[in-house]
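One structure below.
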Amino acid sequence: MNVILMGPQGSGKGTQAGRIGPRLGLTQVATGELFRAAIAARTGLGRRIKDLYDRGDLVPDDLTIGLVEEKLDEIDRERDLGEGVGGALFDGFPRNREQAKALDAALARREQAITAVVRIDVPLAMLVARLAGRRVCKRCGAVYHVEFNPPRADGVCDRCGGEVVQREDDTAEAVTKRLEIYFKQTEPLLAYYEERGLVAAVDGDRPIEAVTEAIVAAITRHVPSANAAVSPTAGEQG
Ligand code: AP5
Ligand code: MG
Ligand code: ZN
């Protein structure tokens, strides 16, 4: 089973992926998280992408796709070891047509496909309020909100005790740019998956727990059709 969580910045992809992954035995593949880790560790990749990331621009496709392929290999290895891994849960990937095609090809090479795409709907004004108040753990990436979901102790992560800070790309300018890129490049991908009957919409403007239940229900409904899913390249001849 391979599931994509799709929705604009602030719709709750990261929040929900952290709750749903363990529940359904899916390994989170969150490209934003991978990039933040590379930037924090000042790796070659991290240094190369830091300015792009801070401004809210997309990281080049070749770097992003390469990173996802590495994660898929890791998931395959864990599955082979019988570690109870049921597939991937994509958060923040794919974000444009190029990436969607590369993902289909990477899964096809592994004799797999996308099982379901969950679209998380949240009104624009609420997205902006969520991003303005978001805080994240510097150490483990746990997501908080100063008002909607604060850590128990101010500035301290509930999960690991790490420091809870604002993200570098949650400035007003970067948020505007990120949302613009989403509606221009990422949202149109929904049509690409709708053609294959893979999209389930969920109302994300509810308490975190209610959204989790709705997503789990949506994925579960889609699983029977997974076996019958057409091969992603089948419709492209001619
Ligand atoms: P990424 O890390 O993926 O960020 P994003 O797509 O901009 O999405 P967000 O993380 O902002 O939103 P989210 O939906 O995860 O919301 P969250 O759960 O945190 O990407 C960052 C950057 O990395 C990109 O700009 C780009 O530079 C690069 N990048 C990443 N992937 C890439 C790719 N594929 N290609 C190229 N470049 C890539 O929730 C938001 C807030 O709301 C939190 O405070 C949370 O506590 C709160 N909240 C969540 N749910 C609820 C609820 N139900 N009720 C109340 N509050 C809630
Ligand atoms: Mg996120
Ligand atoms: Zn933490």
Side-chain angles (χ1 to χ4, degrees), residues 4-20 28-39 45-46 49-68 71 90-100 102-103 118-123 126-151 155-171 174-182 185-186 189 202-215:
I4 299 173
L5 294 184
M6 200 170 282
Q9 286 66 22
S11 58
K13 301 180 299 292
T15 301
Q16 296 299 336
R19 298 165 59 86
I20 289 158
Q28 220 171 314
V29 181
T31 39
E33 287 296 321
L34 297 171
F35 292 140
R36 276 187 286 285
I39 291 169
L45 171 70
I49 65 172
K50 183 176 179 359
D51 289 344
L52 283 173
Y53 176 95
D54 287 354
R55 280 202 305 268
D57 277 316
L58 291 187
V59 171
D61 287 335
D62 55 337
L63 298 178
T64 306
I65 292 162
L67 215 59
V68 170
K71 270 307 259 192
F90 297 97
D91 154 13
F93 182 90
R95 264 172 142 93
N96 58 31
R97 189 107 184 159
E98 191 73 33
Q99 294 182 9
L103 177 58
V118 179
R119 187 186 87 207
I120 310 177
D121 295 328
V122 175
M126 181 52 82
L127 298 175
V128 175
R130 285 186 185 180
L131 294 170
R134 171 165 57 191
R135 299 292 183 272
V136 295
C137 174
K138 238 173 146 170
R139 197 187 295 162
C140 77
V143 185
Y144 300 95
H145 190 281
V146 286
E147 188 186 335
F148 308 142
N149 182 27
V156 183
C157 179
D158 293 349
R159 205 199 286 168
C160 78
E163 190 190 351
V164 171
V165 298
Q166 192 156 23
R167 255 168 61 171
E168 298 287 347
D169 63 338
D170 275 346
T171 59
V175 163
T176 306
K177 183 183 279 180
R178 284 157 55 209
L179 284 167
E180 245 174 59
I181 295 174
Y182 178 82
Q185 296 191 33
T186 310
L189 279 184
V202 162
D203 176 7
D205 191 15
R206 290 182 286 171
I208 291 171
E209 297 73 19
V211 178
T212 305
E213 293 314 315
I215 295 176

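Since the model is a prediction, treat every value here as computed from it, not as a measurement. Just the heavy atoms: all of them, side chains too, but no hydrogens, waters or symmetry mates, feed the values below. Residues: numbered from 1 along the sequence shown. Just follow the structure's listing: the first ligand is 1, and inside any ligand the first atom is 1.
Of the heavy atoms in D57, only backbone atoms (N, CA, C, O) come closer than 4.0 Å to ligand 1. With a heavy-atom cut-off of 4.0 Å, Y182 does not touch ligand 1 at all. Within the 4.0 Å heavy-atom criterion, neither part of A174 lies near ligand 1. When non-hydrogen atoms are compared, ligand 1 lies under 4.0 Å from the side chain of Q99 (C-beta onward) but not from its backbone. Residue contacts with ligand 1, taken as heavy atom pairs separated by less than 4.0 Å, do not involve V136 at all. The backbone and the side chain of R134 each have at least one atom closer than 4.0 Å to an atom of ligand 1 (non-hydrogen atoms only).
Selection from L34, V29, V143 by nearest heavy atom to atom 43 (C) of ligand 1 gives V143. Between atom 46 (O) of ligand 1 and the options Y53, F148, Y144, the minimum heavy-atom separation is to Y144. Taking each of T64, D203, D54, T15 in turn, the one with a heavy atom nearest to atom 49 (C) of ligand 1 proves to be T15. Distances from atom 3 (O) of ligand 1 to the heavy atoms of Q9, R95, R36 show the closest one on R95. Considering only non-hydrogen atoms, atom 10 (O) of ligand 1 lies nearest to R167 out of K50, R167, E33. Across Q185, K177, K13, R130, heavy-atom proximity to atom 51 (C) of ligand 1 is greatest for R130.
Only one option out of R97, Q99, R95 pairs with T186 in a side chain to side chain contact (heavy atoms under 4.5 Å, CB included); it is R95.
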